[in-house]
Amino acid sequence: MIIQTLREKQPLIHHITNYVSVNDCANATIAIGASAAMADFYEEQADFAKISSALVLNTGTINQLIANSMLKAIKEYAALNKSIVLDPVALGVSKARDQINYELLGLKGICIIKANASEMASVIGLDGKARGVDNTFIIHDEFLEKAREYAKKTKRILAVTGKVDYIISEDKIAKIYNGSSMAAKITGAGCMCGSLCGAFAGILEDKFEASLYALLSFGIASELAQENSNGSGSFRINLIDALSNLNDEKIKNKAQYEFI
Amino acid sequence: MIIQTLREKQPLIHHITNYVSVNDCANATIAIGASAAMADFYEEQADFAKISSALVLNTGTINQLIANSMLKAIKEYAALNKSIVLDPVALGVSKARDQINYELLGLKGICIIKANASEMASVIGLDGKARGVDNTFIIHDEFLEKAREYAKKTKRILAVTGKVDYIISEDKIAKIYNGSSMAAKITGAGCMCGSLCGAFAGILEDKFEASLYALLSFGIASELAQENSNGSGSFRINLIDALSNLNDEKIKNKAQYEFI
Amino acid sequence: MIIQTLREKQPLIHHITNYVSVNDCANATIAIGASAAMADFYEEQADFAKISSALVLNTGTINQLIANSMLKAIKEYAALNKSIVLDPVALGVSKARDQINYELLGLKGICIIKANASEMASVIGLDGKARGVDNTFIIHDEFLEKAREYAKKTKRILAVTGKVDYIISEDKIAKIYNGSSMAAKITGAGCMCGSLCGAFAGILEDKFEASLYALLSFGIASELAQENSNGSGSFRINLIDALSNLNDEKIKNKAQYEFI
């Protein structure tokens with residue numbers, strides 16, 4: 001009854017995120033049943049850490065000022081032992097972006113990394129062949145092995161999005177088959193997945209489970225959204241509708257995943 | 001014939017607002033019949049004050065740089081005796097945010113404060129029990145008394161949003177019953193109310209009347225939007241549709257409010 | 001077969017743009033068949049120039065920091081001989097904005113200027129009578145003459161949007177009659193036209209042709225979007241749908257333009 005619980009507890013999910021998909025992230029967070037606060041001001045990070053259940057960091061439109069707020073926020077949330085999700089958008093694309101992301105990744109406290117396969121390859125030390133925000137990396141055995149090593153070393157959960165999604169921890173890997181190809185035709189799909197990871201991490205101790213529910217929710221909502229879509233504009237609206245109408249029964253009936 | 005007049009005069013409503021709901025605010029402003037300009041650059045404030053009919057300030061994603069532009073803008077608009085609406089988003093949530101908001105509130109020129117009950121409680125000196133951007137405050141008699149005192153002292157109109165909206169001046173209080181519970185399920189609903197306050201304040205001398213029309217318009221549009229909504233995504237789109245189709249007859253027929 | 005080619009090549013279109021319509025610009029770019037990256041961090045401009053096919057600059061919410069990134073980006077893209085589109089939003093409205101825009105315009109490398117008639121008048125040395133972001137200028141013979149002179153002197157293409165669109169080069173002028181009056185009722189319509197100019201410029205050597213396809217695509221998509229719209233909210237969604245469903249046959253059948 002995870003969705004029902006989420007809607008009853010309505011955890012506050014604090015984001016420091018990009019200005020491209022920030023509205024979609026806030027609406028997706030609310031639609032799934034949590035509350036959303038978007039606040040990147042350095043001076044506010046300590047106060048937001050006190051009242052929020054989880055922090056979602058997204059480097060889509062990163063710059064040094066925002067990076068400073070993220071570094072401060074990580075320290076504040078880590079000190080309170082609260083969940084931190086990082087979405088290292090477009091990691092591998094520029095030196096400046098890489099430098100900031102690796103500095104964030106070097107800090108303690110991040111419990112879930114949500115990334116597409118290209119970005120995650122760069123996280124775990126492979127060449128992600130990144131081009132902008134697009135996912136061009138094909139997951140292979142070496143990737144999974146390296147990912148599991150990284151998860152073991154860092155105690156982090158890796159939530160990898162793509163045609164098939166992977167949730168990777170040090171001791172298990174889930175493959176998720178839900179989803180729609182239309183999600184790749186809108187901006188912010190991956191960002192919303194990060195928001196959902198934050199929402200579930202805000203109420204679940206087990207961050208593997210939180211990541212699994214997040215990507216299942218997004219995948220199932222995408223399938224439902226596609227049914228009545230006339231193009232990528234209406235798909236994006238239907239996706240928020242589907243998230244707002246999602247419930248535990250739909251997840252139980254439609255979830256398609258396996259452990260490998 | 002206020003809506004018709006608004007569409008004929010098409011006042012330019014200048015916003016310094018947050019990057020989460022800025023697109024919705026611009027579209028709501030245009031939908032009701034005004035023009036929207038979003039410009040937070042310090043160096044431009046004097047020039048925008050000359051050509052705009054009203055200024056809307058919203059502290060959703062405030063930082064010191066934006067705050068400086070707001071302080072400058074207030075002085076420019078006040079010097080020209082033009083309307084200023086303040087939406088002190090998430091007031092009460094952090095020290096840094098409170099400091100900026102109380103500095104803005106301390107300046108002359110703001111004629112309408114648009115806030116949810118939690119935020120307004122902090123404005124008038126009560127404990128708003130704020131948690132992020134959520135409204136958790138229940139309006140009681142002490143609140144109304146203090147609000148009226150504040151309105152009397154500052155000559156400001158207080159537009160308080162919630163399940164029931166209140167418009168409070170030094171000598172009268174209106175209660176508005178229009179609205180939809182779905183407005184609480186999208187980000188930016190309150191922000192759009194602030195934009196509408198700006199739009200009506202841009203053409204009406206009486207700022208109580210302007211606030212009343214703004215919240216009636218939003219409430220009635222919300223009711224109309226809810227009718228054909230399949231979730232929070234389509235509600236948000238229908239809301240802009242409903243604002244763009246609103247007219248004086250609909251307001252006359254559907255408005256539900258009383259003076260108390 | 002230009003749309004088909006665009007979707008096969010999927011050029012990466014890098015934007016430094018405003019935070020009001022940035023989401024719509026990204027979604028319009030993807031819908032027409034290109035990829036979108038929004039990145040304004042100064043330190044990233046050289047790296048993004050290497051991987052992108054075109055740069056779109058939009059001064060809607062300009063400030064000095066963003067302007068510095070734009071100046072840097074122009075130099076990087078110009079050095080690599082890649083296409084640069086400038087949308088000088090609200091040129092003529094403030095001194096600070098004018099100063100930044102004229103500095104951008106003074107650099108080599110910009111190949112397409114996308115602007116409404118008010119803004120373009122200011123570009124070519126006429127009084128644009130600008131008021132915020134609204135288009136209030138009526139195109140006349142002197143405008144066309146001056147525009148052609150400017151195009152000849154600078155080797156730039158001028159893409160002028162309005163009820164009727166004009167594409168102006170040193171040796172030809174196209175008038176485009178496609179479009180919907182509803183495009184003026186949403187924020188960001190002009191910005192999306194700039195994004196489409198970038199998308200087509202990313203694959204076409206001839207920047208006149210690129211501008212022509214961009215404004216035809218937007219105009220035709222607007223007409224299709226209007227058919228099923230219930231207001232400005234659904235128009236904006238239908239517009240992205242229509243762009244995502246656009247193909248070469250629709251353009252061939254519906255394009256209405258002439259050379260004058």
Side-chain angles (χ1 to χ4, degrees), chain A residues 7 10-53 61 65-66 68-69 195 221 224-225 228-229 233-246, chain B residues 17-27 38 40 58-67 89-101 118 129-136 181-189 191-192 228-241:
Chain A
R7 287 179 180 159
Q10 211 182 324
L12 181 61
I13 311 305
H14 171 207
H15 291 63
I16 304 180
T17 189
N18 69 75
Y19 59 81
V20 183
S21 62
V22 57
N23 184 278
D24 290 331
C25 287
N27 278 318
T29 302
I30 302 169
I32 199 68
S35 276
M38 283 34 199
D40 63 36
F41 186 21
Y42 185 92
E43 304 295 337
E44 288 195 290
Q45 298 310 315
D47 286 335
F48 268 96
K50 282 178 210 151
I51 59 167
S52 303
S53 299
T61 50
L65 201 71
I66 302 293
N68 292 345
S69 294
S195 294
L224 294 167
N228 302 305
S229 292
S234 49
F235 173 77
R236 180 171 147 258
I237 303 309
N238 293 347
L239 180 61
I240 301 293
D241 276 354
L243 286 170
S244 73
N245 293 320
L246 203 65
Chain B
T17 189
N18 69 76
Y19 59 80
V20 183
S21 63
V22 57
N23 184 277
D24 290 331
C25 288
N27 277 318
M38 282 34 200
D40 63 37
N58 174 305
T59 63
T61 51
I62 196 70
N63 58 38
Q64 196 55 56
L65 200 72
I66 302 292
V89 178
L91 181 64
V93 163
S94 82
K95 286 187 210 77
R97 184 173 292 257
D98 289 359
Q99 200 173 340
I100 287 170
N101 271 293
S118 284
K129 299 171 185 11
R131 196 197 67 151
V133 297
D134 295 338
N135 189 6
T136 54
S181 62
M182 292 197 72
K185 297 295 178 194
I186 59 168
T187 192
C191 306
M192 287 187 261
N228 301 305
S229 292
N230 300 314
S232 55
S234 49
F235 173 76
R236 181 171 145 258
I237 302 308
N238 293 348
L239 180 62
I240 300 293
D241 277 354

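Convention: sequence-line order gives letters A, B, ...; per-chain numbering from 1.
Sorted by first and then second residue, the ring-ring contact (aromatic ring centres under 6.0 Å, His included) pairs involving residues 10-44 of chain A (not counting sequence neighbours) are A:His14-A:Phe48, A:His14-A:Tyr77.
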side-chain contact (heavy atoms from CB on, under 4.5 Å) between A:Met38 and B:Asn18, intermediate numbers included: CA-CA 9 Å; A:Met38 283 34 199; B:Asn18 69 76; over 6 Å; no

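In this structure, A:Ala31 and B:Ser232 approach most closely via the heavy-atom pair CB-OG, 4.0 Å.
In this structure, chain B has a heavy atom under 4.5 Å from the backbone of A:Thr17, while its side chain stays farther away. Both the backbone and the side chain of B:Ile186 come within contact range of chain A, judged by heavy atoms closer than 4.5 Å. For chain A, the nearby part of B:Asp24 is the side chain; its heavy atoms alone come within less than 4.5 Å.
Among the candidates B:Lys185, B:Gln99, B:Arg236, the residue making the largest number of heavy-atom pairs closer than 4.5 Å to chain A is B:Arg236. The candidate with the highest count of non-hydrogen atom pairs below 4.5 Å against chain B, out of A:Ile240, A:Ile30, A:Asn27, A:Leu243, is A:Asn27. Contact count against chain A (heavy-atom pairs under 4.5 Å) is highest for B:Ile62 among B:Leu65, B:Ile62, B:Ile66.
Qualifying salt bridge (charged side-chain N to carboxylate O under 4.0 Å, His left out) partners for B:Asp241, counting only residues two or more places apart in sequence or in other chains: none.
In this structure the side chain of B:Asn23 never reaches within 4.5 angstrom of the side chain of A:Asn23, judged on heavy atoms.
Between the CD1 atom in B:Ile100 and the CD atom in A:Glu43 there is a gap of 8.5 Å [rounded to 0.5 Å].
For B:Thr187 (side chain) and A:Ala26 (main-chain N/O), no donor-acceptor pair under 3.5 Å exists by modelled atom type. A donor-acceptor pair under 3.5 Å links the side-chain atoms of A:Asn245 to the main chain of B:Asn230, judged by distance alone.
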